[in-house]
Each structure stands twice: as structure tokens, then as C-alpha cells.
Amino acid sequence: MISLKEHGVSTTYSVKIYKEYGDDTVQALEEDPYQLARDVFGIGFKTADKIATKLGLGETELPRLKAGVEYVLQEATNDGHLYLPYGELVEESAELLETENELISPAIEELTEEERIIPERQLGEDRPHYLAPFYYGEVGVVKRISELMENTPNISEENVEQFVDNFAETREIDYNEDQLSAMKKSLLSKVLVITGGPGTGKTTILKGIIELMEKIDKEVKLAAPTGRAAKRLSQATEREAETIHRLLDFKPPNRYDHNETNKLEADVVIIDEVSMVDLLLANNLLKAIPDKARLILVGDKDQLPSVGAGNVLRDLLDSEEVPQVELTEIFRQAKRSRIVKNAHRINKGDFPDLRNSKESDFFFIEEDEPETVAEKVTDLVANRLRKQYDVMPKKDIQVLSPMHRGEAGVNNLNKMLQDRLNSGEPLDLPLSSRKFIVSDRVMQIRNNYEKEVFNGDIGRIVSSNEKSSFMVQFSPSKRVSYDTGDLSELVLAYAVTIHKSQGSEYPVVVIPLLTQHYMMLQRNLLYTALTRAEELAVIVGTKKAVGIAVSNDKVENRYTLLAERLSRK
């Protein structure tokens with residue numbers, strides 16, 4: 001601790017660094033101070049760079065330049081990209097390192113020789129450069145999908161047509177053409193993608209496909225990216241469903257027991273909420289799919305892409321190499337929901353119906369001052385909605401904001417909601433300025449493989465064990481211990497960003513939407529927010545902000561070559 005303090009490291013980060021390296025801390029620091037930025041969550045390149053300077057490392061020395069290049073690529077993956085074009089990588093690295101562009105090339109060359117960076121020379125005119133895991137992940141996904149699709153099921157289309165039609169008759173369900181097509185393709189294809197928006201019958205078709213497969217004695221396994229999504233899938237299908245990590249029997253810190261040498265025991269694997277699946281998770285999943293098995297991927301292509309790097313669902317669809325069915329018809333019962341109707345209007349670029357009525361499941365409250373919006377959102381959650389709809393603020397209501405900053409951003413709303421909803425005593429957390437209280441709703445903001453909690457998991461603080469330590473309940477069977485060194489991984493979650501809400505649904509959703517959020521106002525952002533609501537959605541803000549979001553249909557561009565690789569395979 002004394003040595004770290006001499007290098008300008010705060011006490012909080014000293015605890016995290018010691019937890020990572022133990023008694024080897026000082027040695028690790030002196031050997032390569034830049035590994036702090038790679039290994040310790042919360043310590044960025046600039047902090048590591050200051051320490052390196054104090055240790056006497058020069059500004060233009062190769063270890064510093066290499067660390068800067070790797071950091072730029074890592075930050076790009078945090079923004080969803082799988083690679084950066086060479087020119088962009090050079091410019092961003094030079095800017096970060098405050099040095100000349102020509103000094104960056106030797107660092108990239110050495111990282112390439114060490115195979116920590118992989119350049120793609122076959123595809124793309126802009127010379128893409130990947131961090132090694134993302135290059136091998138992308139190539140691995142293409143290879144495995146190609147291998148699965150080579151083994152076409154030995155079954156005739158005529159027999160499938162007759163079998164599915166007979167099955168549909170016995171079920172007494174009026175399946176539409178898209179749904180019947182999905183069931184037939186599930187038998188004829190080794191890999192199938194099914195997409196559809198709210199109210200288009202994805203649950204109905206999933207149940208139909210499962211029963212169809214069980215009828216011909218196929219063992220079906222169901223999974224989803226998050227615990228919440230898996231629970232919803234299980235309730236909808238009345239079958240066991242689990243997270244993808246649990247399906248693959250994940251072992252911390254980074255091993256999957258089910259992999260290319262130990263495949264899953266299943267004839268059919270169905271994955272829901274595929275828009276949330278990032279490239280590295282997709283690669284690990286595909287490795288474990290048996291050659292004999294069918295893989296069915298289900299999701300909503302119009303939702304925001306995964307929090308992690310890549311755009312797997314969109315790339316699979318854009319490649320046009322994988323069989324796909326899009327469900328487009330909205331069912332009669334769903335048409336009565338203004339959440340569903342407005343979501344589809346937004347998706348088509350039409351302005352939503354903002355009229356309010358007592359019978360509606362969608363409300364719009366017009367306010368244009370950020371402070372007033374924050375107060376209104378807080379009062380809705382803490383008071384008005386609870387009284388009118390018999391819902392519990394800490395359990396049933398989720399605030400979704402486009403941004404972290406600002407009066408109506410996640411950070412400020414969490415402080416206001418914590419003050420209104422939790423009057424308990426703050427936990428005794430030395431070395432931390434953060435305030436947590438027993439029964440606070442909290443969210444994990446990075447994958448922690450040792451604790452087996454993942455980016456976006458939401459839980460509740462249930463007890464304080466001792467000084468500087470407390471427990472968080474993420475599910476009925478999962479309690480996780482946190483101490484001061486872990487606090488940078490945890491945030492309050494009375495309000496979360498719309499990006500973090502992917503794959504989750506909540507009984508009631510409240511969405512602040514203002515023109516000050518203009519940088520984030522996109523059609524798929526508003527669509528994603530609205531479709532998180534199961535029973536009631538309330539937007540508090542301005543019609544102008546709604547209009548900006550609806551008219552901005554630019555999909556966030558991510559650097560990925562998955563679709564192109566699939567098309568060229």
C-alpha cells in the first residue's frame with residue numbers, strides 16, 4: 001500500500017490492485033505498469049500511464065506505445081466494434097499517446113508479431129486490425145455455422161409439410177403462414193433465425209416448435225443471455241430454461257466445460273433474445289453445439305445491438321446465408337395494447353399515439369424542464385404509480401433513461417429515487433464515497449467470472465455481513481458477497497440506461513425523454529425502451545424529443561466482418 005501510494009495510486013484502487021496481484025503487486029507494477037489497465041477494472045490507460053511515468057518509462061518507448069495501441073482497440077470493443085481500420089487505429093493511438101502518427105506503426109508491427117493484434121489482409125480495403133480474441137471469435141463463428149449447415153437433415157419437404165399441417169390441426173391453434181413456415185424450417189434446417197417484434201407470436205411459435213420436436217423424440221435445451229430472459233422463457237414455454245453461461249457449464253475465471261471437445265447433449269438448442277448475444281459468447285456457444293443438433297435463434301432484429309462487441313443477430317440476417325423467418329403479423333389480442341401499437345409505429349418511423357386514457361397501458365406526460373422531469377419521474381415511481389396500479393417501486397417499476405448524465409439521467413435519478421425509496425442507514429464502507437443501503441436495487445456493470453455475475457445483472461442488497469462487506473441477491477438461488485474493492489463493479493439500479501435494459505422486461509417502465517438527450521435519441525433506442533414494458537409504459541418529456549428519436553433511424557454502425565465472412569464462406 002505504501003509503495004502504491006508513492007506512485008500516486010488512491011487507496012481505493014490500491015485495494016483493487018492488491019486483490020488482483022496479491023504479494024506480487026510491486027513486482028507486477030515494476031515489470032509492466034500498463035497491465036493495470038488490462039487487468040484491473042476501473043483503472044484506465046491514463047492512470048497506468050502516470051504510474052509508468054513515475055517509474056521512469058519514456059513517452060516514446062515501445063512498451064508505452066504498444067500499451068496505448070492495445071488500449072485503443074480494447075476501448076473500441078467496449079463501443080461494440082470487433083476491429084478498427086488501420087488508419088483509425090493509428091490516429092486514435094497517436095492522439096491518446098500525444099505523439100506522432102509515424103511512431104505508432106512499429107508498435108502495431110510488434111503487437112502483430114506477438115499475435116496480440118491480428119490484421120485482416122483478405123477482407124476489407126481499410127486493413128482491419130483486431131485484438132486476437134475477437135479475430136479468432138469472428139472466424140470461429142463462421143466456421144462453426146458453416147459446419148452445422150453442411151449436414152442438412154435427411155427429411156423431405158413433402159413429409160415435413162404433411163407432418164406440420166397435421167400437428168397444427170391437432171393443436172387447434174390458428175397458426176399464420178409465417179409461423180407455419182418457421183415450424184417447417186425448424187425441421188428442414190440445421191440453423192434457423194426467427195425474428196419478430198412485440199405481439200407477433202414469437203412465444204406461440206416457440207412453444208409449437210418445442211412440442212413438434214418432442215413429438216419426434218428430440219431432446220430440446222432452452223437458454224437466453226441473462227437470468228431474467230431465461231426465467232421469462234421458462235415461464236412462456238413451461239419448460240426449463242437457463243442462461244447461456246449455465247447451459248455451457250461455465251467455470252470461473254474463463255472456462256466453459258461444454259466446448260468443442262465436450263459438446264452439449266441435445267438434439268435441438270433454442271436461444272432466445274439473440275440480439276443480446278455478443279460475438280465472444282456466440283463463439284463459445286457454437287463450439288458446444290453437437291454436429292447432429294439443430295440450432296434455433298430467436299430475437300427482435302430492431303432492438304439495440306448487444307452490450308458486448310459485435311452485432312451477431314444483424315450480421316446473420318444480413319449475410320442471407322442462414323435460413324430465416326420474420327414474424328410480421330400482430331395478433332388480435334396484442335393489437336389492443338398501445339405499447340405494442342406504438343412500438344410498431346415507432347419502428348416504421350410513424351409518430352406514436354400520445355393520447356392518454358384510463359384504459360390505456362401507455363401514457364405520455366409532457367414536461368420540458370429537466371429538473372421537473374426528474375421530480376415527476378421520482379414521484380411517479382415512489383407515489384402515484386404505486387397507489388394507482390398496486391405495484392411495488394423496488395420490485396415492479398423500472399426507470400429507463402437514454403443517458404447517464406444530466407438532471408434526467410441515470411446518475412441523478414438514482415440518487416433521487418434512493419432518497420425517496422430507501423430511508424435505511426447507509427452501509428459502513430470505508431474508503432468509498434458511494435452510498436449503498438440494505439434493500440437498494442443494484443446492477444453489476446462488468447462480467448465478473450469469479451463471482452459468476454455478468455454485465456447488466458440486477459439484484460438487491462439483502463444484508464451487511466460485517467464492516468465493508470455486504471450481500472447482493474441476484475436470484476432466489478444466487479447470493480454474492482461484495483466488499484470495498486468490488487464497489488466499482490456495482491451501481492444503483494432504480495434507474496438504468498436503455499442500453500442496459502436489453503433482454504429484460506418489467507411490469508412498469510418509466511422513460512424520461514428530453515431534447516437534452518439528443519445525442520442518444522434514436523428510433524431503435526425508443527423502440528427498445530418501450531418494448532421493455534409488460535403492463536404499463538409512461539414517457540415523461542417532450543413531443544419534440546419523441547419526434548427526434550422516431551425520425552433518427554440511423555443504426556449504430558459497428559465494425560464487424562461477420563456478415564461478409566459468412567457470405568464468402
Side-chain angles (χ1 to χ4, degrees), residues 133 136-155 182 185-194 206-207 209-234 236-299 306 308 310 312-313 316 322-323 447 449 452 454 475 477-478 503:
Y136 293 118
E138 191 173 75
V139 170
V141 167
V142 174
K143 177 176 177 287
R144 194 70 196 114
I145 285 179
S146 302
E147 288 171 350
L148 286 171
M149 289 176 59
E150 278 173 9
N151 303 310
T152 309
N154 186 21
I155 183 169
K185 284 189 178 181
S186 72
L187 291 172
L188 290 166
S189 311
K190 288 297 298 295
V191 182
L192 173 65
V193 180
I194 302 172
L206 266 180
K207 290 174 76 172
I209 288 172
I210 291 166
E211 290 180 26
L212 197 68
M213 294 299 179
E214 289 172 344
K215 199 172 179 70
I216 54 174
D217 297 324
K218 300 293 183 185
E219 184 180 353
V220 181
K221 288 195 181 294
L222 306 175
T226 67
R228 276 176 174 268
K231 183 179 179 183
R232 224 173 49 248
L233 177 61
S234 181
T237 60
E238 299 174 341
R239 305 288 192 283
E240 183 185 349
E242 52 199 337
T243 64
I244 297 173
H245 283 89
R246 190 172 290 279
L247 174 74
L248 301 180
D249 200 5
F250 175 75
K251 294 289 189 296
N254 54 14
R255 191 181 94 239
Y256 293 91
D257 269 5
H258 286 296
N259 50 40
E260 60 267 49
T261 58
N262 180 30
K263 308 277 190 185
L264 291 164
E265 291 183 10
D267 300 305
V268 183
V269 177
I270 298 176
I271 306 295
D272 197 16
E273 294 289 358
V274 180
S275 62
M276 295 180 68
V277 176
D278 61 46
L279 181 96
L280 295 184
L281 184 56
N283 187 38
N284 282 305
L285 171 68
L286 284 159
K287 286 178 187 176
I289 303 293
D291 292 338
K292 65 171 185 175
R294 291 172 171 86
L295 175 63
I296 300 171
L297 304 171
V298 185
S306 58
V312 175
L313 176 59
L316 290 175
V322 178
N447 290 340
Y449 295 106
E452 291 189 64
F454 303 99
S475 70
S477 60
K478 179 177 281 186

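These numbers come from the heavy atoms of this one structure, side chains and all, not from hydrogens, waters or symmetry mates. Throughout, numbering of the chain's residues begins at 1 and tracks the sequence.
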- prompt: Looking only at heavy atoms, which two atoms of K190 and A293 are closest? And how far apart?
  reply: CE-O, 2.7 Å
query: Are L222 and T237 side-chain neighbours, meaning at least one heavy-atom pair lies under 4.5 Å?
result: yes
Validation row: V220, I209 side chains within 4.5 angstrom (heavy atoms): no
field: Side chain proximity check, V298 to L233, heavy atoms < 4.5 angstrom
entry: no
- prompt: For K263 and H258, which heavy atoms make the closest approach, and how far apart are they?
  reply: O-ND1, 3.5 Å
- request: Would you check if R144 and D291 make a side-chain contact, meaning some heavy-atom pair closer than 4.5 Å?
  value: yes
message: Please evaluate residues N284 and L248 with respect to the criterion side-chain contact (heavy atoms from CB on, under 4.5 Å), reporting the C-alpha separation (whole Å), side-chain torsions for both, the decisive distance (0.1 Å), and the verdict.
response: CA-CA 8 Å; N284 282 305; L248 301 180; 4.2 Å; yes
query: Rounded to the nearest 0.5 Å, how far does CD1 of I194 lie from CG of D272?
result: 10.0 Å
- prompt: Where do L286 and L295 land on the side-chain contact (heavy atoms from CB on, under 4.5 Å) test, with the steps shown first?
  reply: CA-CA 9 Å; L286 284 159; L295 175 63; 3.6 Å; yes
field: Rounded distance [0.5 Å steps], CG in N259 versus CG in L264
entry: 9.5 Å
- prompt: Hey, is CD on E240 packed in by over 12 heavy atoms from elsewhere, all under 6.0 Å?
  reply: no
For L279 against G137, the heavy-atom pair lying closest together: CD2-C, 3.6 Å
message: Looking at every heavy atom in both N262 and D257, which two are closest together, and how far apart are they?
response: ND2-O, 2.8 Å
query: With distance as the sole test, does K478 use its side chain to make a donor-acceptor pair with the main-chain N or O of E452 at under 3.5 Å?
result: yes
- request: Would you indicate whether the side-chain heavy atoms of Y256 and L247 approach each other to under 4.5 Å?
  value: no
message: Looking at E147 and K143, is there a salt bridge between them, counting it only when a charged N and a carboxylate O are closer than 4.0 Å?
response: yes
field: V312 and L297: CA distance, side-chain angles, deciding distance, side-chain contact (heavy atoms from CB on, under 4.5 Å) verdict
entry: CA-CA 11 Å; V312 175; L297 304 171; over 6 Å; no
task: Please tell me if the side chains of V322 and M149 come closer than 4.5 Å, counting only heavy atoms from C-beta onward.
output: yes
field: Side-chain donor/acceptor of S146 to backbone N/O of V142, under 3.5 Å
entry: yes
Side chain K215, main chain I210, donor-acceptor under 3.5 Å: no
statement: Only one of K218, R294, K292 passes salt bridge (charged side-chain N to carboxylate O under 4.0 Å, His left out) with D267, and that residue is K292
- request: Can you measure from NZ (K221) to CD1 (I270) and round to the nearest 0.5 angstrom?
  value: 12.0 Å
field: Spatial distance of atom CG (L192) from atom CD1 (I296) [nearest 0.5 Å]
entry: 6.0 Å
Heavy-atom side-chain contact between V277 and L285 under 4.5 Å: no
statement: Output for pair (L316 CG, I145 CD1), nearest 0.5 Å, gives 4.5 Å
- request: Nearest 0.5 Å please: distance from the CG atom of N283 over to the CD atom of E138.
  value: 10.0 Å
query: Which pair of heavy atoms, one from A230 and one from A224, lies closest together, and at what distance?
result: N-CB, 3.6 Å
task: Using a 4.5 Å cut-off on heavy atoms from C-beta on, say whether the side chain of E273 contacts that of T226.
output: no
- request: Give a yes or no on whether the backbone of P225 and the side-chain of T243 come within a donor-acceptor separation of less than 3.5 Å.
  value: no
Parallel, tilted or perpendicular: rings of H245 and F454 (30°, 60°): parallel
- prompt: How close do I271 and V269 get, heavy atom to heavy atom, and via which atoms?
  reply: CD1-CG1, 3.9 Å
